[in-house]
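Here is the structure we will look at, set down as structure tokens.
Chain naming here is simple, since letters A, B, ... match the order of the sequence lines and numbering starts at 1 in each. Everything quoted here is computed from the prediction, not taken from an experiment.
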Amino acid sequence: MNVFQLVQDRFKQALSNIEGAEGAPAPLARSTRPEFGEYQFNGAMALAKILKQKPRDIAETIVEQVNLDDMADSLEIAGPGFINVKLRPEWLAAQVETALADPRLAIEKELAKKVVVDLSSPNLAKEMHVGHLRSTIIGDAVARVIEFLGHDVIRQNHMGDWGTQFGMLIAHLQDKLQASEVATTALSDLEDFYREAKIRFDDEQGFADRAREYVVKLQGGDAECKALWQQFIEVSIQHSEEVYEKLNVKLTNDDIMGESAYNPMLPGVVADLKEQGIVVEDQGAQVVFIEELANKDGEPSVFIVEKSGGGFLYSTTDLAAMKYRSFELDADRIIIFTDARQAYHFKQAEIVGRKGGLLREETTYEHGPFGMMLGKDGKPFKTRTGGTVKLADLLDEAVERAGKLLAERNSDLSADEQNEIARKVGIGAIKYADLSKNRTTDYIFDWDTMLSFEGDTAPYLQYAFARIQSIFRKAGINTEDFSANVVIAEAQEKALAMKLLQFVEVMNAVSQNLTPHVLCTYLYELASLFMTFYEACPILKDGVPEETKQSRLALSLLVSKTMKQGLDLLGIETMEKM
RNA sequence: GCGCCCGUAGCUCAGCUGGAUAGAGCAACGCCCUUCUAAGGCGUCGGUCGUAGGUUCGAAUCCUACCGGGUGCGCCA
């Protein structure tokens, strides 16, 4: 049940019955204040000009025509011609009952589309660092939401497992192995390993040449190089998987489709473009001139697809990935989460891909950009010594900090339980802090804010959830199959019910606009409304009539289920006690 | 130089396709625990929505210019 959609459809229907207003836009909005009801229709003012009537007169005509008798009280016209819709408490109560009885919370599945989500995509030459956090968790959350809405989501971890730096790395690895070290030991710290290799590359005579030679051999399919590369990749992937595990992100080996996988397709992609006649040779390289992105002087944008020496670039790989996803995976949507700096590149890629026939017309190509993670000082987030922060270390620190904060509070929970809670709170905090900000610009990473346990944070949401669970324990109800007659009498109950029914609207927004922060805001508002309700409307206290108690338990249960579902879609875990 | 993103309360951020007195959280201050987890609730304080024009019945939102910050612009990814 999508209330917004339902009300809007009724207004559309009404407009179609009004002479001259057929097909006019039906701007419905959520009301900003309770006295204006739950929704407001703002179409009358715009129609005034077209129909040459006073907006309030038009509003009256619309009110006469619109049929909302089953769900709303009489409509009010206010101000210049706003039409306020006040939903009837009994109708809301019935919707709450319906949602509570449905495992999907009365959210219908949409017509299934194939949606490719490109997320995380770490560079395997190094260990995952903070720069990979946003793509990983934003992508994971969006993928989960789209999946929940009924779509067929294909996750693609476009790992950077190919490129010139691997020559240097496998050369170094070969030496290590010959010194009878085991690969996993040698690669236990990828950052150190990379640094060592880089130093040799820069300083050691002959090493750089050997590294370059290895790149050529590797790309040429040399078995020995390939075997070394394979070992390196496997260990590095293992590191990534540990991070995904800690992060509670739904990414597995099956989702990996690294750059190397596209290697065999690259010549074909360039050939495709040549066939379409959009590639030209310029300064020895194969390039596409993009007139659509020309500057003021008419100079077209340049997109190189093959180097002058004959090698391919990341642009070529991205085009190959595009073709594979659109044609092989049959994607209706391709969604790519990378940092904002690559926005121009993907814009170029889409134009080239469409002209070059690498993207089916029906396939959308969407880039979900985001900014960098900055420290409290507004500069790129680094360790105290100025190094890159490893993601694994960051996550460990989050859990550790959460544990300390939890230990400061007296608790009757066992050590094991406390550790488990610290893990969920720490990881949840770090994810929520990031997910709750949409900015395509950079964002400030601040331990104190995200772990403060107060305000708009994961711990607050987890606390709200745990608090509701304790009510159910106390009431001794079975949350699996509880149902009750819902009666909405108080303002706090109505506000809460309305918020509950807007869950689907929020998920649609997340799916369409790739904005998980909308879901975060929603869950925070839901939790806040619950707390307000909880203070104002007693549930288990003495003197509460049985019907009221049952009704409020039902309301609380739907809040609990909605929060659990919402947090799960964000990849944030909940707990029964806190 | 050109392109893209951004500029909202002291700080961190919302504000959907233009709509009624611009919202949260933190910080500050004041209340509320013999009563369902006070990791909570209620309230107060706090904003020329970068600046100047324009479009509109109506602009934080759309258009133009400028100022300020970030980022990208041919063989790295």
- Message: Taking only the C1' atom of each, what is the distance from B:U61 to B:C16 in whole angstrom?
- Response: 10 Å
- request: Looking at every strand, decide which applies to A:D446 at a 4.0 Å heavy-atom threshold: base, sugar-phosphate, or nothing.
  value: nothing
Item to check | Aromatic centroids of A:F533 and A:F530 separated by under 6.0 Å | outcome: yes
> Between B:A60 and B:U48, how far is it from one C1' atom to the other, in whole Å?
Replying inline: 13 Å
Task: No-hydrogen, no-angle side-chain donor-acceptor test under 3.5 Å, A:Q53 and A:D57 - done: no
Base, sugar-phosphate, or nothing: which does A:H517 touch, judged by heavy atoms less than 4.0 Å apart?
sugar-phosphate
For this session: Check every strand shown and say whether A:Y534 touches a base, only sugar-phosphate, or nothing at a heavy-atom separation below 4.0 Å.
Result: base
As its Watson-Crick or G-U partner within any shown strand, both distances under 3.5 Å, B:G74 has none
If pairing means Watson-Crick or G-U wobble with both distances under 3.5 Å, then the partner of B:C11 is B:G25
*If we ignore angles and hydrogens, is there a donor and acceptor under 3.5 Å between the side chains of A:N438 and A:T515?*
no
ask   = Any chance the side chains of A:Y534 and A:S556 put a donor and an acceptor closer than 3.5 Å?
value = no
Aromatic ring proximity, centroids under 6.0 angstrom, A:H158 and A:Y262
yes
Counting any heavy atom closer than 4.0 Å, what does A:N508 reach on the DNA or RNA strands: base, sugar-phosphate only, or nothing? nothing
- Query: Taking the C1' atom of each, how far is B:U8 from B:A24, in whole Å?
  - Reply: 13 Å
Q. Less than 4.0 Å between a side-chain N and a carboxylate O, is that true for A:E38 and A:R30?
A. no
Review point. Under 4.0 angstrom, heavy atoms only, what part of the nucleic acid is A:Y524 near: base, sugar-phosphate, or nothing?
Key: sugar-phosphate
Notebook entry, point to check: Within the structure shown, what part of the strands sits under 4.0 Å from A:E299 by heavy-atom distance: base, sugar-phosphate, or nothing?
Noted result: nothing
Classified by glycosidic angle (syn within 90° of 0, else anti), B:C66 comes out anti
Outer limits of RNA chain B sitting under 4.0 Å from a non-hydrogen atom of chain A, read 5' to 3', are B:C2 to B:A77
For B:U56, the nucleotide meeting Watson-Crick or G-U wobble distances (both under 3.5 Å) is none
Distance between the P atoms of B:G25 and B:A65, in whole angstroms?
-> 39 Å
Exercise. Contact class for A:R30 vs. all strands (heavy atom < 4.0 Å): base, sugar-phosphate, or nothing?
Worked result: nothing
- Task: Scan A:T449 against the nucleic acid and name what it touches under 4.0 Å (heavy atoms): base, sugar-phosphate only, or nothing.
- Result: nothing
*asked:* Using a heavy-atom cut-off of 4.0 Å across all strands, would you classify A:R341 as base, sugar-phosphate, or nothing?
replied: sugar-phosphate
pair_partner(B:C42), Watson-Crick or wobble, both distances < 3.5 Å, evaluates to B:G30
Applying a 4.0 Å non-hydrogen cut-off, can you work out what A:A464 is touching in the nucleic acid: base, sugar-phosphate, or nothing? nothing
Ring-ring centroid check A:Y463 A:F453, cutoff 6.0 Å: no
* Proximity of A:Y314 and A:H345 rings by center, below 6.0 Å -> yes
The answer to which of A:T532 and A:P459 contacts RNA chain B further toward the 5' end, by nearest nucleotide, is A:P459
For the P atoms, the ones on B:A52 and on B:A27, what distance do you get once it is rounded to whole angstrom? 34 Å
The Watson-Crick or G-U wobble partner of B:U51, with both key distances under 3.5 Å, is B:A65
Next on the checklist: Students often get this wrong, so: under 4.0 angstrom with heavy atoms, is A:A466 touching a base, only sugar-phosphate, or nothing?
Outcome noted: base
- Message: If I pick the P atom on B:A22 and the same atom on B:G46, what distance separates them, to the nearest angstrom?
- Response: 14 Å
Sugar-phosphate only, base, or nothing, as touched by A:M531 at under 4.0 Å among non-hydrogen atoms: sugar-phosphate
RNA chain B nearest-nucleotide lookup for A:T440 and A:L313: closer to the 5′ end is A:T440
Please lay out, stage by stage, how A:T316 and A:E306 fare under the test side chain to side chain donor-acceptor pair (under 3.5 Å).
CA-CA 7 Å; A:T316 330; A:E306 191 176 332; over 6 Å; no
> If the P atom of B:C76 is compared with that of B:C13, how far apart are they to the nearest Å?
Replying inline: 35 Å
pair_partner(B:C36), Watson-Crick or wobble, both distances < 3.5 Å, evaluates to none
Please work out if A:K474 contacts a base, only the sugar-phosphate, or nothing of the nucleic acid, heavy-atom cut-off 4.0 Å.
sugar-phosphate
Separation of the P atoms in B:U21 and B:G58, to the nearest angstrom:
14 Å
d(A:S236 OG, A:M128 CE) to nearest 0.5 Å is 9.5 Å
Counting any heavy atom closer than 4.0 Å, what does A:E259 reach on the DNA or RNA strands: base, sugar-phosphate only, or nothing? sugar-phosphate
